[in-house]
Student: 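Here it is: the structure, laid out below.
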Amino acid sequence: MSVKYAFINGEEGNYPIVSMCRWAGVSRSGYHDWRDRPVSARAARRADLATVIKFSFDQSDETYGYRRVPA
């Protein structure tokens with residue numbers, strides 16, 4: 001379901017939300033609930049971890065791969 005919501009979110013502004021929800025077979029209220037939901041703790045942790053890994057990769061002159069980048 002979140003794939004459909006993400007697609008609608010990406011196309012918001014190009015097409016009316018009402019039409020996209022109808023085409024995708026989802027409710028408008030479900031879409032708005034998904035869109036307005038706060039970021040989960042897991043997603044926040046993954047974003048923080050991605051930042052640390054990117055920093056470590058950049059500091060190694062982009063020579064460290066996934067085996068040597070500390071996580």
Student: Can you tell me how far CZ of R22 sits from OG of S19, rounded to the nearest 0.5 angstrom?
Tutor: 5.0 Å
Student: Return a table of donor-acceptor pairs under 3.5 angstrom between the side chains of residues 3-11 and protein atoms on other chains or two or more places apart.
Tutor:
{"residue": "K4", "atom": "NZ", "partner": "A24", "partner atom": "O", "Å": "3.1"}
{"residue": "N9", "atom": "OD1", "partner": "Y31", "partner atom": "OH", "Å": "3.2"}
{"residue": "E11", "atom": "OE1", "partner": "N14", "partner atom": "ND2", "Å": "3.0"}

Student: Would you kindly confirm whether Y15 and I17 end up in one hydrophobic cluster when ILVMFWY residues are joined by side chain heavy atoms under 4.5 Å apart?
Tutor: yes
Student: Taking salt bridge (Lys or Arg N to Asp or Glu O under 4.0 Å) as the test, write out the residues that go with D61, two or more places apart.
Tutor: none
Student: Determine the minimum heavy-atom distance between C21 and S27, stating which atoms define it.
Tutor: SG-O, 4.2 Å
Student: Pair T63, S60 - check side chain to side chain contact (heavy atoms under 4.5 Å, CB included), show working.
Tutor: CA-CA 6 Å; T63 58; S60 72; 3.9 Å; yes
Student: Taking only residues at least two apart or on different chains, which pairs with a member in residues 30-50 satisfy salt bridge (Lys or Arg N to Asp or Glu O under 4.0 Å)?
Tutor: E12-R35
